[in-house]
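Only heavy atoms go into these numbers, but all of them, side chains included; no hydrogens, no water, no symmetry mates. Note that this is a predicted model, so its numbers are computed, not measured.
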Amino acid sequence: MTRASYLHSFFRSVASFRRADHGNIAVLFAITLVPIIGFMGAAVDYSLVSRARTTMQNSLDSAALMAAKDAALDGWTASEAVAAGQRYFAALYKTNGSTDVSVSGSYNTSSSNPTLVLNGSASFPTNFMKLVGTPTMSFNQSSTVSWGSSRLRVALVLDNTGSMNDSGKIDALKSATKNLLSQLKGLAVNDGDVYVSIVPFVKDVNLNSSNYNANWIDWTAWDAINGTCSNLNWTDKATCLSKNKIWTPNSHSTWNGCVVDRGDSNAPNSGNYDTNVAAPNSVNAATMYSAEQYAACPQASLGQTYDWTRLNALVDSMAANGNTNQALGLQLGWLSLQGGGPFTAPAMSTGYKYQQFIILLTDGLNTEDRWYTNQASIDARQKLTCNNIKATDITLFTVQVNTGGDPASALLQDCATDPSKFFLLTSSSQILTTFNSIGTSISQLRVKN
């Protein structure tokens, strides 16, 4: 609401109160008018100042990040770095009525962790507080960016199921993700400050068909149905062998890259490997990823990288198809941060603070995984994964795009690190604003490290 709107609403209420002529209302009005104006006026003024303060903080954060990045790349002096921060701030800050706006700063390169500080100050003319002798309210904000000490790791776990074709969701997701990648790239002062992985999921996840020789793949189930019997009437290994014929599995190089949830086919929940990030071990098939030739296999996942061109190309190639298994996508997104099996995560060097994030977006409820075709059973497995993630230092954002009238997901609400990290959307257009909000949140955590 604008300042004019606040004033119009308030004075309209006061005028209505003043016109009342019943009983002692006029006397009461006269007695209470001054404190009413004081309390309500102060609330209006403080609200406007608070908004200006938030705008200044966001502008300082962005300006400090951009100036710090330029300073690191170009080897600027302190005065050059501060001047750049002031220029960026001037371009970003919308005064909204504030006056006497000024920005100062400092740039310290004497330590192993260079630091840029921007300090902003401004005054805001009051409408009501001036009646009691306070014509303006001043405020100060500050932003500090220290690089070489803080690094980010982000995993994007993105729903690519068939229902994402509805209401323009897949296209909105592509736009929002590319915008988020741009935000994250902007947070990196140096290469390696920010790494991102992307795990598109449906019922299966694609771990890249080029990995067909990897030792973390279990081929038992795949070999049993992908092959040729010496009698072409039989199309699976079990039937072929029962007829005393010869079964020849297809070459593993024909695999399309898809895998299903981990676990022992005789005791699926043994070891809970579908809910943790224990390293795959070829001695224990339950820890390995079982290959499947799923017809709706999504685009191949991409592990932690700062190759922004490859990340954007993956997003462009995403397509919607198949059923929903959030649990597998989430488990592999977590593994992409830790490393192991299909993913090689960058080592965490001493002397740095690492902040890790998972962003899980889905438009539907779980429908099918390797073991179950009922939502409750899949949700129970995913809840274990969420609890395991929340026991680490990883921040988990969950986003439900609910354009089809599904109930709000209690699972996703519970999975989020805290209630503020869960987002319930009712339109495709909200994906962009939500990802932007998450990117801003990550940015602020990076700045305020």
Side-chain angles (χ1 to χ4, degrees), residues 157-167 169-170 173 198-207 209 217-222 224-226 236 255-276 285-286 288-301 318-335 342 358 360-386 388-389 398-415:
V157 181
L158 306 177
D159 191 333
N160 277 206
T161 58
S163 57
M164 288 293 289
N165 272 322
D166 302 337
S167 305
K169 285 177 285 191
I170 191 67
L173 175 60
I198 300 179
V199 180
F201 71 88
V202 291
K203 180 185 77 69
D204 291 21
V205 168
N206 187 339
L207 294 181
S209 60
I217 304 175
D218 178 11
W219 292 102
T220 307
W222 193 91
I225 59 175
N226 293 280
D236 65 90
W255 172 55
N256 65 4
C258 258
V259 300
V260 292
D261 312 73
R262 298 201 293 184
D264 186 329
S265 57
N266 296 314
N269 299 341
S270 177
N272 290 324
Y273 295 114
D274 59 326
T275 70
N276 62 43
M288 300 167 70
Y289 290 94
S290 182
E292 183 177 54
Q293 201 73 5
Y294 186 47
C297 199
Q299 290 298 313
S301 302
M318 292 192 308
N321 202 1
N323 291 334
T324 305
N325 181 8
Q326 303 166 25
L328 176 60
L330 181 60
Q331 188 271 329
L332 282 165
W334 181 15
L335 186 65
I358 297 175
L360 167 64
L361 177 140
T362 183
D363 78 326
L365 308 178
N366 284 315
T367 57
E368 181 183 7
D369 71 359
R370 180 183 183 183
W371 315 112
Y372 308 105
T373 56
N374 67 85
Q375 179 193 335
S377 297
I378 305 170
D379 284 0
R381 304 307 298 168
Q382 183 174 332
K383 182 174 174 58
L384 293 176
T385 307
C386 294
N388 289 337
I389 292 173
T398 60
V399 183
Q400 181 185 4
V401 188
N402 185 7
T403 60
D406 289 329
S409 170
L411 172 65
L412 291 176
Q413 293 179 67
D414 183 67
C415 278

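- A distance of 6.5 Å separates OG in Ser301 from CG in Asn206, rounded to the nearest 0.5 Å.
- Each of Leu361, Asn321, Leu158 was scored for a side chain to side chain contact (heavy atoms under 4.5 Å, CB included) with Met164, with one residue passing: Leu361.
- Annotation: side chain of Asn226 is not in contact with side chain of Trp219 (no heavy-atom distance under 4.5 Å).
- A side chain to side chain contact (heavy atoms under 4.5 Å, CB included) with Tyr294 is found for one member of Val260, Asn323, Val259 and no other, namely Asn323.
- Annotation: side chain of Gln382 is in contact with side chain of Leu360 (closest heavy-atom distance under 4.5 Å).
- Between the side chains of Ser163 and Asp166, not a single donor N or O lies within less than 3.5 Å of an accepting N or O.
- Minimum interatomic distance between Asn276 and Trp334 (heavy atoms only, all atoms of both residues): CA-CZ3, 3.8 Å.
- The nearest pair of heavy atoms linking Cys415 to Thr398 is CB-CG2, 4.0 Å.
- A side-chain donor-acceptor contact under 3.5 Å links Asn366 and Asp379.
- Two residues are said to be in side-chain contact when any heavy atoms from C-beta on lie closer than 4.5 Å; Phe201 and Asp159 meet this criterion.
- Residues Ser377 and Asn374 share a closest heavy-atom pair of OG-OD1, 2.7 Å.
- Contact check for Leu411 versus Lys383: side-chain heavy atoms found under the 4.5 Å cut-off.
- Exactly one residue among Val202, Thr362, Leu365 makes a side chain to side chain contact (heavy atoms under 4.5 Å, CB included) with Thr324. That residue is Thr362.
- Glu368 contributes no side-chain N or O that, together with a main-chain N or O of Asn325, makes up a donor-acceptor pair within less than 3.5 Å.
- In this structure, Leu412 CG and Gln400 CD are separated by 5.5 Å, a value rounded to the nearest 0.5 Å.
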Show, in sequence, the C-alpha distance, side-chain angles and deciding distance for Thr161 and Thr367, and conclude whether the side chain to side chain contact (heavy atoms under 4.5 Å, CB included) test is met.
CA-CA 11 Å; Thr161 58; Thr367 57; over 6 Å; no
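- Under the 4.5 Å side-chain criterion, counting only non-hydrogen atoms from C-beta, Pro342 is in contact with Leu335.
- For the residue pair Val157 and Leu330, the shortest heavy atom distance occurs at CG1-N, 3.8 Å.
- Between the side chain of Asp218 and the backbone N or O of Met288 there is no donor-acceptor pair closer than 3.5 Å.
- Using modelled atom types, one side-chain atom of Asn402 and one backbone atom of Gly405 make a donor-acceptor pair closer than 3.5 Å.
- Using a 4.5 Å cut-off on side-chain heavy atoms (C-beta onward), Val205 and Val199 make contact.
- Residue Cys297 is tested with Ser209, Pro200, Cys258 for a side chain to side chain contact (heavy atoms under 4.5 Å, CB included); the sole match is Cys258.
- Considering only heavy atoms from C-beta on, Ile217 stays 4.5 Å or farther from Trp222 through its side chain.
- When each of Asp274, Asp369, Thr275 is tested with Arg381 by the rule side-chain hydrogen bond (donor to acceptor under 3.5 Å, both in side chains), just one qualifies, namely Asp274.
- Here the side chains of Ile378 and Trp371 are not in contact, with every heavy-atom distance at 4.5 Å or above.
- A distance of 6.0 Å separates CG in Leu207 from CH2 in Trp255, rounded to the nearest 0.5 Å.
- In summary, Glu292 and Arg370 do not engage in a salt bridge, as defined by a charged side-chain N under 4.0 Å from a carboxylate O.
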